[in-house]
Amino acid sequence: MTDTIKTDVLIIGAGPCGLFAVFELGLLDMKVHLVDILDKLGGQCAELYPEKPIYDIPAIPMVTGQGLTDALMEQIKPFNPTFHLNEMVETIEKIGDPLFRVTTDAGQVFETKVVVISAGGGSFQPKRPPVPGIEAYEGTSVFYAVRKMEQFRGKDLLIVGGGDSALDWVLNLQPIARRVTLLHRRDDFRAAPHSVDQMRKLVAAGKMNLKLGQVTALEGENGMLSGAMVKGNDNETFKIDCNTMLPFFGLTMKLGPVANWGVKLENNLVPVDTEAFETNVPGIFAIGDINTYPGKLKLILSGFHEGALMAQKASRYVFPDKRVVFQYTTSSSSLQKKLGVN
Ligand code: FAD
């Protein structure tokens, strides 16, 4: 058992919103520890779409998921947060006013004045298609996320699904794969119309295949896929030759232990006020995808805003006697000193 760590703020989840919150808390002199189940920082951006472009981060016309994570890490460097990766927060116990004892599945105990839940969709897991024996191919020929596009260079890819992820990966991987086949239940896609148009153009030019139907069985040996049996919409069964399959059937939001933390939940999300993004428990805040309030948009930029307002209120719990003076980073020499630029 390791020693109890005492901190001002404990952030649960090192996705983009948790990372940016370190910056806002740091400007107000709060010390932060972050815990994440994943073995990496960046949440969904790093885990689900590290190489895909994001176009709606204010003032950054284009950045990849990993690029955004790296930039956030650079931005929060002056505040020297401590990360605890591969650990899941299991329990939160209120022991003061406010003071919380937080425990992870690795047995680490924290005592913290403020808790920030930025747990995204909780422990998110891809949905597994109902294909018998698919487990035997997972990690060798069947993948639910693209970590490195290079891994798929020269492959015969079968991409299954009709949403944005399936279409985006068709378009991104088609130039490097030997052959791409997209399989969907029907000739109607939930993805962005522009992506669907681009996919149809590639099919018309003979640069990829589009098939309709559902995978019923996989063929191969020792985890190495050689083909997928597909039941077409005319009930005929046919084989698609492939050595790699990427099913994109969406993610299951497994809320995990959040449900036991004593905060109110609404449809597996944490309701908060919009002044400080605080939960029904004073001292426990929720920012990013995990929270809900009227008009909520699950966008990274919303989570950044939420982190800034959260930090103002958090500082009142951490430093009850200190008056928070609103300052700009552009003109405040004291903020610039904290950032190490002055
Ligand atoms: P997440 O990024 O979900 O991070 C939450 C972290 O919390 C995870 O790392 C998880 O492991 C951790 N966690 C959960 N429970 C625990 C626990 N009990 N203990 C420890 N750790 C825990 N948004 C945009 O604004 N623009 C876009 O263009 C855009 N494109 C997207 C494309 C795709 C394919 C996807 C999937 C999402 C996209 N999004 C986009 C959405 C964006 O990624 C999310 O809004 C954002 O990641 C939410 O950030 P977050 O920090 O709230 O949560």
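Both backbone and side-chain heavy atoms feed into the values below; hydrogens, waters and symmetry mates do not. Counting starts at 1 for both ligands and their atoms, following the listed order. As the structure is a prediction and not an experimental result, all values here were calculated from the model.
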- [ ] Give yes if a backbone or side-chain nitrogen or oxygen of Q44 is under 3.5 Å from a nitrogen or oxygen of ligand 1, and no if not.
- [x] yes
Open item on the list: Pair K231, E236 - check salt bridge (charged side-chain N to carboxylate O under 4.0 Å, His left out), show working.
Closed with: CA-CA 6 Å; K231 191 172 169 192; E236 292 293 314; over 6 Å; no
Open item on the list: Please tell me whether Q66 and Y49 have a donor and an acceptor in their side chains that are separated by less than 3.5 angstrom.
Closed with: no
Open item on the list: Check the orientation of F20 and F304. Use parallel for under 30°, tilted for 30 to 60°, and perpendicular for over 60°.
Closed with: tilted
TODO: Within a distance under 4.0 Å of any heavy atom of D56, pick out the atoms of ligand 1 and give their elements.
DONE: 24 (C), 25 (O), 26 (N), 27 (C), 28 (O)
Open item on the list: Distance to the ring centre below 6.0 angstrom and angle to the axis at most 45 degrees; does that hold for K52 and W169?
Closed with: yes
Open item on the list: I need the atoms of ligand 1 closer than 4.0 Å to a non-hydrogen atom of V89, numbered in the order shown.
Closed with: 17 (C), 18 (N), 19 (N), 20 (C)
Open item on the list: Against ligand 1, does G122 come closer than 4.0 Å with any heavy atom?
Closed with: yes
Open item on the list: Using a 4.0 Å cutoff against the non-hydrogen atoms of V35, which atoms of ligand 1 qualify?
Closed with: 20 (C), 21 (N)
TODO: Please could you name the atoms of ligand 1 that E87 approaches to less than 4.0 Å, counting only its heavy atoms?
DONE: 20 (C)
TODO: Could you tell me whether K6 atom NZ has more than 12 heavy atoms of other residues or ligands within 6.0 Å of it?
DONE: no
Open item on the list: Counting only heavy atoms closer than 4.0 Å, does ligand 1 sit against the backbone of K298, its side chain, both, or neither?
Closed with: backbone
TODO: Mark up the atoms of ligand 1 that fall under 4.0 Å of a heavy atom belonging to S118, in ascending order.
DONE: 5 (C), 6 (C), 7 (O)
Open item on the list: Taking only non-hydrogen atoms of P16, do any sit less than 4.0 angstrom from ligand 1?
Closed with: yes
Task: Q44 side chain to D289 side chain, donor-acceptor N/O pair below 3.5 angstrom - done: yes
Task: E47, portion touching ligand 1 at heavy-atom distance under 4.0 Å - done: neither
Task: Derivation of the salt bridge (charged side-chain N to carboxylate O under 4.0 Å, His left out) call for R200 and D187 - done: CA-CA 11 Å; R200 291 200 192 282; D187 197 10; 3.0 Å; yes
Open item on the list: If the cut-off is 4.0 Å to any non-hydrogen atom of I54, which atoms of ligand 1 fall inside it?
Closed with: 26 (N), 27 (C), 28 (O)
Task: Polar atom proximity, G42 to ligand 1 (N or O, under 3.5 Å) - done: no
Task: Proximal atoms of ligand 1 relative to G288 (non-hydrogen, under 4.0 Å) - done: 52 (O)
TODO: With heavy atoms only and a cut-off of under 4.0 Å, state how W261 meets ligand 1: side chain, backbone, both or neither.
DONE: side chain
- [ ] Taking only heavy atoms of L299 into account, list the atoms of ligand 1 that are under 4.0 Å away from them.
- [x] 24 (C), 25 (O)
Open item on the list: According to ring-ring contact (aromatic ring centres under 6.0 Å, His included), does anything in residues 323-342 pair up with another residue at least two apart or in another chain? List the pairs.
Closed with: F326-Y328
TODO: Mind checking salt bridge (charged side-chain N to carboxylate O under 4.0 Å, His left out) for D8 and listing every partner two or more places apart, or none if nothing turns up?
DONE: K113
- [ ] Go through the side-chain N and O atoms of N291 and K296 and say whether any donor and acceptor fall under 3.5 Å apart.
- [x] yes
Task: Short side-chain donor-acceptor distance under 3.5 Å, N209 and R179 - done: yes
TODO: Pick whichever of L72, I37, D289, I287 has a heavy atom sitting closest to atom 16 (C) of ligand 1.
DONE: I37
- [ ] Measure D168 to ligand 1 on non-hydrogen atoms and call it side chain, backbone, both or neither using the 4.0 Å cut-off.
- [x] neither
Open item on the list: Minimum distance, heavy atoms only, to atom 7 (O) of ligand 1: which one of P257, A46, G13, G43 is it?
Closed with: G13
